[in-house]
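From a predicted model like this one, the values you see are computed outputs, not experimental measurements.
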Amino acid sequence: QVQLVESGGGLVQAGGSLRLSCAGSGRTFSSYGMGWFRQAPGKEREFVALISISGTSTYYADSVKGRFTISRDNAKNTVYLQMNSLKPEDTAVYYCAARRYSGTYYSAASYDGWGQGTQVTVSS
């Protein structure tokens, strides 16, 4: 089972950028599509982005399309989320997870190995 640790969160002004990293352990990291989700206070966890095993296919939530970019480096067992043009509504705890189960790619139930999350706060 892959274990994941997120990092790179912080406080940034609206319009700024952050790059999140998700480091995975275990030789099976490159066997899974990898996703980023986020959860704001009082809200459900929501899908942000998914990258395929090879990295050739990516999917984004409409709310972040054109501003966020997901990428991965299988040699380093790491997936990234580059976030540009950040908005206050992007404020949330961001989580990465491995897509281990069948089901829709935007459903958290399709994922496993959740990390502890990293806080992103965007000030207006």
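- One hydrophobic cluster, built from ILVMFWY side chains closer than 4.5 Å, holds both Leu18 and Met34.
- Remark: Gln3 CD to Asn77 CG distance equals 12.0 Å, nearest 0.5 Å.
- No side-chain donor from either of Arg99 and Tyr111 sits under 3.5 Å from a side-chain acceptor of the other.
- Residues Thr78 and Asp73 bring no donor and acceptor atom of their side chains to less than 3.5 Å of each other.
- Taking OG1 of Thr118 as the start and CD of Glu6 as the end, the distance is 7.0 Å to the nearest 0.5 Å.
- Across all non-hydrogen atoms, the minimal contact from Ser54 to Thr56 is OG-OG1, 2.8 Å.
- A donor-acceptor pair is defined here as one N or O able to donate and one able to accept, closer than 3.5 Å; no such pair exists between the side chain of Ser107 and the backbone of Thr104.
- Closest heavy-atom contact between Ile53 and Arg72: CA-NH1, 3.5 Å.
- The heavy-atom pair separating Ser85 from Ser17 by the smallest distance is N-OG, 4.3 Å.
- The main-chain N or O of Arg19 is never found under 3.5 Å from a side-chain atom of Gln82 such that the two would form a donor-acceptor pair.
- Listed for the Ser52 side chain is a donor-acceptor partner under 3.5 Å among the backbone atoms of Ser57.
- Here Ser63 contributes atom OG and Glu89 contributes atom CD; the two are 9.0 Å apart, rounded to the nearest 0.5 Å.
- In the hydrophobic clustering of this structure, Val122 does not group with Val93; members are Ile, Leu, Val, Met, Phe, Trp, Tyr whose side-chain heavy atoms approach within less than 4.5 Å, directly or through other members.
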Q: Please lay out, stage by stage, how Thr58 and Tyr60 fare under the test side-chain contact (heavy atoms from CB on, under 4.5 Å).
A: CA-CA 7 Å; Thr58 56; Tyr60 297 93; 3.6 Å; yes

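- Ion pairing of Arg67 with Asp90 is present here, as a side-chain N (NZ or NE/NH1/NH2) and a carboxylate O approach within less than 4.0 Å.
- Distance check: Ile70 CD1 to Met83 CE gives 12.0 Å after rounding to the nearest 0.5 Å.
- Separation of atoms CG (Leu81) and CZ (Phe68) is listed at 6.0 Å; rounding is to 0.5 Å.
- Residues Glu46 and Gln39 are not in side-chain contact: their nearest non-hydrogen atoms beyond the backbone lie 4.5 Å or more apart.
- Minimum interatomic distance between Ser71 and Ile51 (heavy atoms only, all atoms of both residues): CA-CD1, 3.5 Å.
- Closest approach of Trp36 and Tyr80 over heavy atoms only: NE1-O, 3.4 Å.
- Under the disulfide bond (SG atoms under 2.5 Å apart) criterion, the residue pairs touching residues 65-124 are Cys22-Cys96, with sequence neighbours excluded.
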Which is it for Val120 and Thr91 under the side-chain contact (heavy atoms from CB on, under 4.5 Å) test, yes or no, and what are the steps along the way?
CA-CA 5 Å; Val120 172; Thr91 295; 5.9 Å; no

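- Scanning all heavy atoms of the two residues, the minimum distance from Gln116 to Leu4 falls at OE1-O, 4.2 Å.
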Chi angles and distances behind the side-chain contact (heavy atoms from CB on, under 4.5 Å) call for Arg38, Tyr95: CA-CA 6 Å; Arg38 65 187 183 186; Tyr95 301 89; 6.0 Å; no

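- With Phe37 as the fixed residue, the ring-ring contact (aromatic ring centres under 6.0 Å, His included) test singles out one of Tyr105, Trp114, Tyr106: Trp114.
- Two different hydrophobic clusters hold Val48 and Tyr59 under the rule that ILVMFWY side chains link at heavy-atom gaps under 4.5 Å.
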